[in-house]
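Quick caveat: nothing in here was measured; it's all calculated off a predicted structure.
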Amino acid sequence: MIRAGDALAAFRALPVAPIGAVLPGTVLILAPHPDDESLGCGGIIAALCAAGRPPVVVVLTDGAGSHPSSPSWPPERLRAVRAQEVAQAVSLLGLPQDHLVLMNLADTRAPREGPAFERAVADLAAIAVARGCDSILSSWEHDPHGDHVAAWHIARAATDRIGARALAYPVWGWTLDEEAVLPGEIPAGWRIDVEPFLDVKARAVAAHATQHGSLITDDPDGFALPEDFLNLFRGRFETVLLP
């Protein structure tokens with residue numbers, strides 16, 4: 001068992017390593033929702049694209065659950081616009097559009113077991129094999145969001161199936177209560193210096209306009225990315241964890 005505060009402190013002290021040493025070959029980045037790719041890995045995506053090794057970015061869910069009570073933004077409209085937003089965001093990061101794959105599972109209901117889970121694992125494994133990916137970088141298993149946890153389990157099962165390397169990046173995990181107790185041990189990993197790409201990362205995060213609170217205004221309980229949360233992703237390092 002580990003204390004969340006100790007884990008987060010350890011993440012901030014991880015060794016800094018060149019991106020080529022941490023992520024050689026072709027990487028598949030699995031985002032639980034449209035916007036997680038830009039928040040957790042925007043600098044990494046941009047750096048890999050700049051190095052001539054664009055990753056494959058797979059978005060697990062459709063993002064249509066962020067504003068469930070909005071009369072003017074029903075799920076069909078929100079799903080379509082969030083797909084447009086993530087396409088714009090990764091394009092800003094330099095990713096070719098044919099390196100973006102939308103799996104379109106239901107937002108807030110990504111599976112962790114059963115037939116739907118097995119289908120998701122098989123689909124992700126097939127994408128990785130078809131694109132020649134030798135590692136899958138997914139959301140951290142202790143991110144406090146069900147879809148993020150599901151993404152980790154799907155990615156881990158897919159890597160086990162095809163013999164690829166499993167890696168993780170924290171998103172909502174940065175907001176854990178420091179006194180929370182987590183199973184397991186503090187994972188090892190690295191920090192990647194993405195300072196040259198901070199401006200383009202900020203533009204990619206901003207491209208997810210539906211999630212910033214000013215576009216959809218008719219759902220009082222709708223989701224909006226908090227400013228203090230966004231500040232967590234404006235620093236020069238992004239984190240890659242070993243399982």
Participant: Got a sec: does the CG of D199 have more than 12 other heavy atoms crowding it under 6.0 Å?
Facilitator: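 12 or below, so no.
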Participant: Please report the shortest heavy-atom distance between G43 and F197, naming the atom on each side.
Facilitator: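 Looks like O-CD1, 4.1 Å.
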Participant: Report yes if some heavy atom in the side chain of C49 is under 4.5 Å from a heavy atom in the side chain of P55; otherwise report no.
Facilitator: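 C49 vs P55: side chains touch.
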Participant: If you round to the nearest 0.5 Å, how far is CZ of R79 from CG of N104?
Facilitator: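 Rounded to the nearest 0.5 Å, the CG-CZ separation comes to 7.0 Å.
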Participant: Would you indicate whether the side-chain heavy atoms of F229 and W174 approach each other to under 4.5 Å?
Facilitator: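 No, every pair of side-chain atoms sits at 4.5 Å or beyond.
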Participant: Using the rule given for side chain to side chain contact (heavy atoms under 4.5 Å, CB included), can you reason through D36 versus D147, listing the C-alpha separation, both sets of side-chain angles and the distance that settles it, and then say yes or no?
Facilitator: CA-CA 11 Å; D36 290 312; D147 288 343; over 6 Å; no
Participant: State the CG-OG1 distance between L167 and T239, to the nearest 0.5 angstrom.
Facilitator: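 Reported to 0.5 Å precision, the distance equals 12.5 Å.
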Participant: Any non-hydrogen side-chain atom of I44 less than 4.5 Å from a side-chain atom of V22?
Facilitator: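 No - every pair of side-chain heavy atoms lies 4.5 Å or more apart.
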Participant: Is a side-chain donor-acceptor pair under 3.5 Å present for S72 with D218?
Facilitator: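 Side-chain D/A pair, D218 to S72: present.
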Participant: Over 60° means perpendicular and under 30° means parallel, so classify the ring planes of W140 and H142, tilted if in between.
Facilitator: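 Taking W140 first and then H142, their aromatic rings stand perpendicular (interplane angle over 60°).
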Participant: So, the side chain of D143 versus the backbone of G173: is there a donor-acceptor pair under 3.5 Å, distance only?
Facilitator: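 The answer is yes, because a donor-acceptor pair under 3.5 Å joins these two groups.
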Participant: Could you tell me if the side chain of E37 sits less than 4.5 Å from the side chain of H208, heavy atoms only?
Facilitator: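 H208 vs E37: side chains touch.
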Participant: Rounded to the nearest 0.5 Å, how far does NE2 of H148 lie from CG of L30?
Facilitator: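 If I round to the nearest 0.5 Å, the distance is 10.0 Å.
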Participant: Within the supplied structure, the quantity of interest is the number of heavy atoms (other residues, nucleotides, ligands) at a distance under 6.0 Å from E185 CD; does it exceed 12?
Facilitator: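 No, CD of E185 has 12 or fewer neighbouring heavy atoms, counting only those of other groups under 6.0 Å.
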Participant: Quick test of your reading: applying side chain to side chain donor-acceptor pair (under 3.5 Å), list the pairs with at least one residue in residues 112-133, sequence neighbours left out, ordered by first then second residue.
Facilitator: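 Side chain to side chain donor-acceptor pair (under 3.5 Å) check on residues 112-133 returns E118-R161.
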Participant: Rounded to the nearest 0.5 Å, how far apart are SG of C133 and CG of L124?
Facilitator: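 Interatomic distance, C133 SG to L124 CG, rounded to 0.5 Å: 9.0 Å.
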Participant: Salt bridge between K201 and E238, side-chain N to carboxylate O under 4.0 Å?
Facilitator: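 Counted as a salt bridge, because a side-chain N and a carboxylate O are separated by less than 4.0 Å.
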